[in-house]
Amino acid sequence: MADAARNVTAPPLDSGAAQARPVSGEPVEMLLNMGPQHPSTHGVFRMVLWVDGEKIVDIVPHIGYLHRGSEKLCEGEQYHQVITLFDRLDYIANFNNEHVYVRAVERLMGLEVPERAEYLRVILCELNRIASHLLFIATMGLDAGAMTPSMFCFRGRERIQALFEAVSGARMMHNYFRIGGLKEDVPEDFMPRLRELMPQIREDLEESDKLLSFNEIFLARLKDISPVTAEDAIDYGLTGPCLRASGVEYDVRKAAPYSLYDRFDFNVPTGLDGDCWDRYYLRVQECYESLSIIEQAMEQMPAEGNVLSSLGRRLVRPPAGEVYVRAENPRGEIGVYLVSDGSDRPYRLKVRPPSFCNLSAIRLMLINTWVADSVVILGSLDIVMGEVDR
Amino acid sequence: MNCVLGPDNILYDTVLFREVYNFVGQVLPCWLSWFVAGFVIIFLLVNAVLLGAAAFSWMERRLIGKFQNRLGPNRWGPFGLFQPIADMVKLLFKEDLTPGTADKLVFLAVPVAMVAPVMLMLAVVPFAKDTALANLNVGVLYILAVTSVTSIAIFMAGWSSNNRFALFGAARGVAVLISYEVPVVVSLLGVVMLAGSMSLADVVSAQTLPFIIVQPMAFFVFVAGTAAELNRTPFDMAEAESELIAGYHTEYSGIKFAMIQAAEFGGVMAASGVIVTLFLGGWEGPAAHWLGWLWFLLKTMAVAVGFIWVRATFPRLRIDQLLALAWKFLLPVSLINLLATALEIYFLRDASGVLTRGDLGIMTGINLALMAGCVFLFGSLVREKVRPVAPGLPPGVTPVILPARESPARDLPAGETD
């Protein structure tokens with residue numbers, strides 16, 4: 001048993017956070033297979049833990065259980081059909097995924113998007129960011145053993161999804177963004193409903209925040225667990241909240257403003273220690289920033305106007321060329337590399353998924369922690385397997 | 001026939017047994033009425049545990065539903081009251097799986113070994129005046145001994161399942177049970193000293209002031225220890241569902257699983273009953289002679305609701321933190337309590353060794369002050385370690401700012417920027 005594990009493990013990491021396992025001495029370790037069917041591996045992620053008692057000596061991550069060949073599938077679909085595939089990458093943050101893809105095609109074509117459509121996109125993306133973070137807070141509580149905050153968070157997420165349903169007809173997998181704008185304008189009662197929704201989301205956030213964030217047991221479980229230094233975070237290519245928790249202020253919305261993000265005034269919350277609690281609390285704070293962005297967008301948005309440029313109504317045939325576009329998803333920086341040969345289908349489409357790159361640090365983070373910590377640490381990375389496996 | 005239980009009989013003090021024996025003894029031969037009375041008692045005990053478990057499972061699901069802004073079971077019966085029956089029927093008809101590599105005999109024995117201690121525990125608890133099924137003169141010791149059996153059952157389950165998650169759960173469960181036995185026993189010594197007896201009936205009658213205020217530290221330690229031994233949140237290490245799937249009973253299904261669940265839920269009710277008896281005055285209350293059972297029931301429910309409330313509120317501790325809590329916090333506190341109680345009794349009791357209500361009042365004051373001191377001392381020790389710094393650009397920290405990388409945009413239409 002131990003020999004098999006030795007064969008499959010990668011060479012020891014030379015990072016200070018993770019010590020190499022003892023090679024000599026009596027083998028006292030045991031293999032513990034977590035996943036792919038495990039309540040808290042967030043989908044179908046599988047970890048083979050090599051444990052000494054309750055201490056994790058080494059870990060081998062296994063991915064690919066949800067591989068659907070999305071990138072290859074994109075090559076057989078017309079440009080507008082690809083949007084549905086992007087819905088299914090990070091299936092918690094559908095609007096953000098659609099946004100980055102349609103922006104890639106628009107940039108390749110040189111399309112100008114109507115201002116109202118772009119504002120609506122930003123509002124929907126930020127709402128989706130909050131919904132995604134609410135799900136994160138819920139699962140973080142569940143991973144640490146608290147049941148009730150999850151229900152409060154799910155209530156808030158349901159409210160947001162009800163609005164999404166009114167807008168696009170679907171709770172998830174919206175297929176609402178179009179190359180050059182939106183499928184159609186939002187329903188008439190969108191703005192009143194959104195105005196009503198904002199304080200409700202704030203209330204749900206505050207409720208779970210009060211119950212969970214500074215709970216003594218929750219702090220004991222999360223504080224100082226698996227700290228990642230800024231250097232390690234950059235080396236491993238962490239992005240999004242996982243990077244910012246380590247004290248690196250890097251947010252694509254600020255660093256390379258896309259869409260309309262240069263028109264809003266918002267902060268980028270940054271952590272100090274890079275431990276699980278920072279990764280958790282940073283997301284809570286990001287929700288409030290997103291709320292502020294939505295409020296500003298609601299004020300600035302033109303009340304009337306076209307939401308789909310006339311070019312987008314036709315069969316999309318971008319000129320031959322290539323483009324790389326990135327955006328700040330709830331989980332980090334998503335990148336889309338698109339090559340066009342001038343036909344109506346992408347020649348090649350490559351996604352840089354944030355969850356996949358964040359997950360690469362799992363070994364660094366898990367070695368020398370406890371088995372009970374492993375679910376909390378994995379939860380704090382906030383992975384979505386649809387995006388990792390693609 | 002006319003069989004009558006004599007005062008020299010060992011079961012004479014067990015009022016229920018005596019009454020039943022004398023009643024059926026009028027028509028039945030003595031040896032048969034012996035069996036009948038015993039059967040009646042066992043019947044009552046088993047059904048008390050199972051009904052208590054069913055009621056508790058309904059109450060827990062319903063209440064946690066309320067805590068969490070949802071409905072909870074509400075389909076069958078008024079307020080979903082018959083839900084436990086539906087659950088039980090469902091579990092009865094499920095396939096009863098035994099893993100191929102399991103140690104079959106031990107695997108099979110676990111549900112029995114889990115349920116039996118719970119039933120035995122209730123045997124000495126007085127539901128009302130003179131109604132304990134068996135009024136043992138070593139009742140407190142008996143309860144401690146019987147509850148310890150659970151740890152063996154948990155380890156049997158973990159080992160025989162031949163499943164690593166079950167083994168982890170079992171190892172954790174046994175570590176927790178053994179660690180928490182110590183402070184629980186020490187905390188109960190104070191109660192026993194105050195009552196001057198280990199019989200639960202005597203403990204109840206000694207509570208002219210409820211021991212919860214006379215012995216606040218012992219109460220706190222005992223409740224925490226009980227929660228740990230029952231595998232209740234925040235101490236539900238052995239079956240931490242987010243880490244160990246279901247812990248030691250991962251491999252159990254069907255009726256075996258139902259029995260383990262019944263033992264757990266019934267265990268909460270039985271433990272609540274013990275807590276009520278030891279610290280909350282048992283069946284004492286207005287018109288206790290007639291309504292004692294009602295006060296006992298209400299107090300037990302209140303304690304059980306407390307357990308549910310805690311479960312709905314708190315996350316789960318880690319195993320090392322849990323054991324540290326037992327050895328570094330609960331054990332010192334219970335030892336301080338033992339010392340203080342012993343000194344107080346030594347100085348306050350009168351010549352015949354009796355403690356009056358006034359004496360208890362004085363002890364209450366001293367012990368509450370002591371508890372405040374302990375919480376201040378130990379609490380701040382624990383808190384300093386975990387007090388966080390709120391993230392979000394605090395002053396004095398220079399965040400690293402990366403230069404925005406240029407996106408490659410070869411062959412792009414001119415004049416487009418992102």
Asker: Does a sphere of radius 6.0 Å around CH2 in B:Trp159 hold more than 12 heavy atoms from other residues, nucleotides or ligands, not counting ones at 6.0 Å or beyond?
Answerer: no
Asker: More than 12 non-hydrogen atoms from neighbouring residues, nucleotides or ligands closer than 6.0 Å to NZ on B:Lys94, yes or no?
Answerer: no
Asker: Look at the side chain of B:Arg164 and the backbone N and O of A:Leu31, then say whether any donor-acceptor pair between them is shorter than 3.5 Å.
Answerer: yes
Asker: A:Asn33 versus chain B, heavy atoms under 4.5 Å apart: side chain, backbone, both or neither?
Answerer: backbone
Asker: Please check if the side chain of A:Arg221 supplies one atom and the backbone of B:Arg316 the other of a donor-acceptor pair under 3.5 Å.
Answerer: yes
Asker: Output yes when B:Arg318 and A:Glu54 qualify as a salt bridge under the 4.0 Å nitrogen-oxygen rule, no when they do not.
Answerer: no
Asker: Holding to side chain to side chain donor-acceptor pair (under 3.5 Å), I want the full list of residues that pass it with B:Gln83, two or more places apart in sequence or in another chain.
Answerer: B:Asp87
Asker: Has the side chain of B:Gln68 got a donor or acceptor atom that lies under 3.5 Å from a matching backbone atom of A:Phe152?
Answerer: no
Asker: Which value, rounded to the nearest 0.5 Å, describes the distance between B:Ile319 atom CD1 and A:Asp373 atom CG?
Answerer: 12.5 Å
Asker: Under a 4.5 Å heavy-atom cut-off, does chain B meet the side chain of A:Ile225, its backbone, both or neither?
Answerer: side chain
Asker: Heavy atoms only: give me the nearest A:Ala220-B:Gln321 pair and the separation to one decimal.
Answerer: O-NE2, 2.8 Å
Asker: Would you find more than 12 non-hydrogen atoms of other residues, nucleotides or ligands less than 6.0 Å from B:Phe220 atom CZ?
Answerer: no
Asker: Which atom names give the shortest non-hydrogen contact between A:Leu212 and B:Pro315, and what distance separates them?
Answerer: CD1-CG, 4.3 Å
Asker: Determine whether B:Phe67 and A:Met147 make a side-chain contact, defined as any pair of heavy atoms from C-beta on separated by less than 4.5 Å.
Answerer: no
Asker: Measuring from A:Lys55:NZ to B:Asp320:CG, what's the distance to the nearest 0.5 Å?
Answerer: 7.5 Å
Asker: Please list, chain by chain and in numerical order, all residues satisfying side chain to side chain contact (heavy atoms under 4.5 Å, CB included) with B:Ser57, sequence neighbours excluded.
Answerer: B:Pro84, B:Phe265
Asker: For A:Phe266, I'd like to know if atom CZ has over 12 heavy atoms of other residues, nucleotides or ligands within 6.0 Å.
Answerer: yes
Asker: Are the side chain of A:Thr148 and the backbone of B:Ala312 linked by a donor-acceptor contact shorter than 3.5 Å?
Answerer: yes
